Amino acid sequence: MSVDVAWAIEWVRRSAQTVAEHRDELVELDRQIGDGDHGENLDRGFRAVVTKLDALEEQPAQIGDVLKLVATTLMSTVGGAAGPLYGTAYLRAAKATAAAELDSAGVVALIEAALDGIVARGKATTGEKTMVDAWSPAAEAAVAAADGGGSPADVLAAAAQAAARGAESTIPIAATKGRASYLGERSVGHLDPGARSTQLLLAEAAAAAGA
Amino acid sequence: MSVDVAWAIEWVRRSAQTVAEHRDELVELDRQIGDGDHGENLDRGFRAVVTKLDALEEQPAQIGDVLKLVATTLMSTVGGAAGPLYGTAYLRAAKATAAAELDSAGVVALIEAALDGIVARGKATTGEKTMVDAWSPAAEAAVAAADGGGSPADVLAAAAQAAARGAESTIPIAATKGRASYLGERSVGHLDPGARSTQLLLAEAAAAAGA
Amino acid sequence: MVDVKKLINDPRTVVAESLEGFAAAHADLVEVHADPAYVTRAGGAVNGKVGLVSGGGSGHEPLHGGFVGVGMLDAAVPGAVFTSPTPDQIAPALQAADGGKGVLAIVKNYTGDVLNFETAAELADAEGVTVRTVVTNDDVAVEDSLYTAGRRGVAGTVCVEKIAGAAAERGDDLDAVVAIAERVNASVRSMGVALTACTVPHAGKPSFDLPEDEIEIGIGIHGEPGRRRIPLASADEITEMLLTPVADDLGLAGGEQVLLFVNGMGGTPASELYVVYRRARALLEARGVQVTRSLVGNYVTSLEMQGASVTVLRLDDELTQLWDAPVHTAALRW
Amino acid sequence: MVDVKKLINDPRTVVAESLEGFAAAHADLVEVHADPAYVTRAGGAVNGKVGLVSGGGSGHEPLHGGFVGVGMLDAAVPGAVFTSPTPDQIAPALQAADGGKGVLAIVKNYTGDVLNFETAAELADAEGVTVRTVVTNDDVAVEDSLYTAGRRGVAGTVCVEKIAGAAAERGDDLDAVVAIAERVNASVRSMGVALTACTVPHAGKPSFDLPEDEIEIGIGIHGEPGRRRIPLASADEITEMLLTPVADDLGLAGGEQVLLFVNGMGGTPASELYVVYRRARALLEARGVQVTRSLVGNYVTSLEMQGASVTVLRLDDELTQLWDAPVHTAALRW
Ligand SMILES: Nc1ncnc2c1ncn2[C@@H]1O[C@H](COP(=O)(O)OP(=O)(O)O)[C@@H](O)[C@H]1O
Ligand SMILES: Nc1ncnc2c1ncn2[C@@H]1O[C@H](COP(=O)(O)OP(=O)(O)O)[C@@H](O)[C@H]1O
Ligand SMILES: [Mg+2]
Ligand SMILES: [Mg+2]
Ligand SMILES: [Mg+2]
Ligand SMILES: [Mg+2]
């Protein structure tokens, strides 16, 4: 399957689905080291995205158009830290994907733009127990897969797998950014909810591409 | 043992003891159909009584002096419904016992005066699920025992036994006086805390007389 | 000494220590006397003004100490938790409140409160203080019948204290203040719900046992169980169960004006009280009743109980004016 | 729709319904805009006055909507429960608060609040509104270090809103109001304790699990666990654990004057707050510090959480005057 506008729409619908399915898990992860709203907030946001998608009169011409709709909707419905962070991620990704279809380099650009957006807003680096710990290895893996000649779907699959490992890697970390940092050492031993939601979203990006 | 000033003092000390021992039980009974303070309030009151008794320079001359000390102390330390009710009971009993020693008729007068005081203040009759249901049969039994030629100790013993039966008799009643009346039918099946404390106090009156 | 999960040092000292804190925090408004415990206005009795005194068990804060000040009470008498105060506390408070024009005692209808205030009034009378008593009984959860100790006094008591306080402040004599207090009491009705019980410090466990999916309708303010236990329902449904008997008992007709007072029992977030207010107001408006004054907050509480009560006061021009009159107390101020 | 024991209809509508009730109960003071949700003063922006806006997650009531009115905020922006509001809510609130002299946004230091207000300020700026932001961070439980997102903004935010509000009301320009807000923030410190967790409606279970005999010291206001968990202690001991770091961090010296603010987390009875106040005051006095102003009550809450926080604000003549200046809001009035 090619990574085109239909893929983008499929990715978004699948994202809404997986967030709804994992709503309670994300709430519970956030309850452990945060304030227990991450699943609720993302679920509210992606429901709104789907509503807007359903209301579209015609299919967008470019992938960036879909991602921009996601960005603005998340920004205005999610709130909390995740709202602006994901909002900016999708906004930057949208700017990088003004095309009807993406080749492998284009997929890399999408993921790198998203990561840059998150870092620009949240000022976190890897190892601080945030979603950056999932996005950053995902971007690296995407680069490697593209360099190795992988297809767009291969690139997404590599990114998704790296995000999963990245999410896992947050468990032993003591948070130094975001709400979990208030817990200091007490945040050790818990999976970061934002890293987990990143893992879920990137898994659907790959699945939507048939990978 | 004769029913004299020493008896009165012994009764009061034993009362404090039994109330302390049954504090939690009385709290629990009151928690079921009231506001859970009866044991705490009586315990606070009788502790204060003992403190005052200990502080006396010389032994009072009359039984009434002892009972008046109980009355005024309970009145100013117990609060709630039980404070004025028991306070008035002991006050009336004190007035009826201006003597160094009581014969059987004197004991009857003590108990009847106490009952009259409670009824005068609380306006309850038997069958309303209050302490009257213990005091009233106690007074009747006292009269019968005295009429039958019983000793002062016999009269106290008869009163105590009747009070115990009277207390039990409150269980099936739906309260129509006091806080328990707010529960209506939901008060059925519970022992009235004031009747129970009456039973405890009269049992010690008998025990103090060696009965 | 603490074996119950509360911010206290010792169940036996909590009332006294709380009063000490209250006195220090509001020294501009009140003076707190210890042993016997009672609260008066900072300046003492106001010469030539009818005095107002109320009291009852502690655990209902800000009632009554929080309502001592200009425009409301002259003195308040706190008993042990949920236990009415004793005559030796009440009597000096009555005396302290007397500015030479007599004192109105506002007593919530409970056997203990009535009896203790009765004795105290006799004592004060013996000291030359004229005392008149108004017993509040606004709780429609309890029928006023032969089979009860009569309706209880609950949140409506705040309305009586505020409005009678304003009447005294404007210079009404004792008869007039008593008449206003009685009129307010006759015009106000309340009913409450508990979602959880509260824990009295000295008891150390909840005042009743309530399963996770049940609530108590028709509760009092002393942690007693309510009239009936029902399955958990929505705020709108619960509000209707409270508002309907209140409005019916008042016999409210279209076109009438009322004060709507949603009172928190102590442990319910303000946000939920406003959800209840929203529905209660809609129900009143559906009857054609106009809500012209409102009060929402924790005013007559049961420690940390979760729940609320709905109070409606029928207003006329005079009562509205007296409600609006300035008040400056720790808990009510405008 | 209700499966959590709360006076609500539906976790998804509770914020909107609560705002509806709030709007109806305080129509003389506020106007509530729905979709996007924000609260403004009834009359709208005051011409020629610096506007003040604050906001944050819901569940902290009366913060912030309860502080909208003369002498304090011009607008407040409530997010979902414990979730900072979104830029499309905040931006119109900033615009609505602008009386032509610019707007001060008072933001509690949380990543979400800071980011959303940042974006909103850009949007408002694009519409020609000058926005300056002061981020409050009074919570000494969290170190302001490389290893945290910085100290949190908690109850001290009320002091910033009140005093900056008074400065704006007296006619200070934006620079001056910002300077006052920053000065208050630099002079105020807080620390809190939780005896119980709270339950966020959409989560349906307590925000953390706490055994019957343990408490959390150093909590925030979003139901997060605290810095450490300790065995239940007496109110005096707990108060000392809160007051000492607060006073130390402020570097309070003998002879200084302070405002002492004991804040309830929502589910703690007023009586217990006064027990805490009593001890906190005694500890300050033992350091030779004079408590010249006090505030005790539920002002910055975490739903129905049981617990309290202790806030101390170092006062000088100007701050005292601004604190005393008239305020007329739903939750603070004098
Ligand atoms: N500074 C940051 N940079 C990147 N990600 C962050 C940052 N702060 C928080 N996050 C992410 O946001 C997630 C929390 O999102 P959410 O629960 O929606 O927001 P909030 O903390 O405001 O309740 C965290 O799990 C973390 O992954
Ligand atoms: N009108 C009354 N006449 C006689 N006894 C009464 C009356 N009302 C209440 N009581 C007694 O008082 C007891 C309750 O006492 P207590 O718990 O101390 O007072 P309160 O109800 O004020 O908390 C009841 O169990 C009952 O026996
Ligand atoms: Mg969160
Ligand atoms: Mg009782
Ligand atoms: Mg009682
Ligand atoms: Mg949040």
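Chain letters run A, B, ... following the sequence lines, proteins first, then strands; residues in each count from 1. As the structure is a computational prediction, the values presented were derived from the model and not from experiment.
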Between [X] and [Y] (salt bridge meaning N to carboxylate O under 4.0 Å), is one present in this structure?
X	Y	answer
A:Asp54	A:Arg13	yes
D:Asp249	D:Arg189	yes
A:Arg31	A:Glu28	yes
A:Arg47	A:Asp43	yes

D:Phe208, part contacting chain A, at a heavy-atom distance under 4.5 Å = backbone
message = Given heavy-atom pairs under 4.5 angstrom as the criterion, report whether the side chain, backbone, both or neither of D:Asn116 touches chain A.
response = both
message = Can you classify the ring geometry of D:Phe82 versus D:His60 as parallel (below 30°), tilted (30 to 60°) or perpendicular (above 60°)?
response = parallel
What part of [X] lies closer than 4.5 angstrom to a heavy atom of chain D: side chain, backbone, both or neither?
X	result
A:Thr77	backbone
A:Ala175	backbone
A:Asp37	both
A:Arg186	side chain

inquiry  = Counting heavy-atom pairs under 4.5 Å with chain A, which one of D:Asp113, D:Leu115, D:Thr111 comes out on top?
reply    = D:Leu115
inquiry  = Under a 4.5 Å cutoff for heavy-atom pairs, which residue among D:Pro87, D:Gly79, D:Gly220 has the most contacts with chain A?
reply    = D:Pro87
Let's test your reading of the structure: which of [options] forms the most heavy-atom pairs below 4.5 Å with chain D?
options	value
A:Gly178, A:Ala82, A:Ala174, A:Ser76	A:Ser76
A:Val27, A:Val78, A:Asn41	A:Asn41
A:Lys177, A:Glu185, A:Arg179, A:Met75	A:Arg179
A:Gly80, A:Ala180, A:Gly34	A:Gly80

Between the side chains of [X] and [Y], is a donor N or O closer than 3.5 angstrom to an acceptor N or O?
X	Y	answer
A:Arg196	A:Thr170	no
D:Thr136	D:Asp138	no
D:Ser190	D:Ser309	no

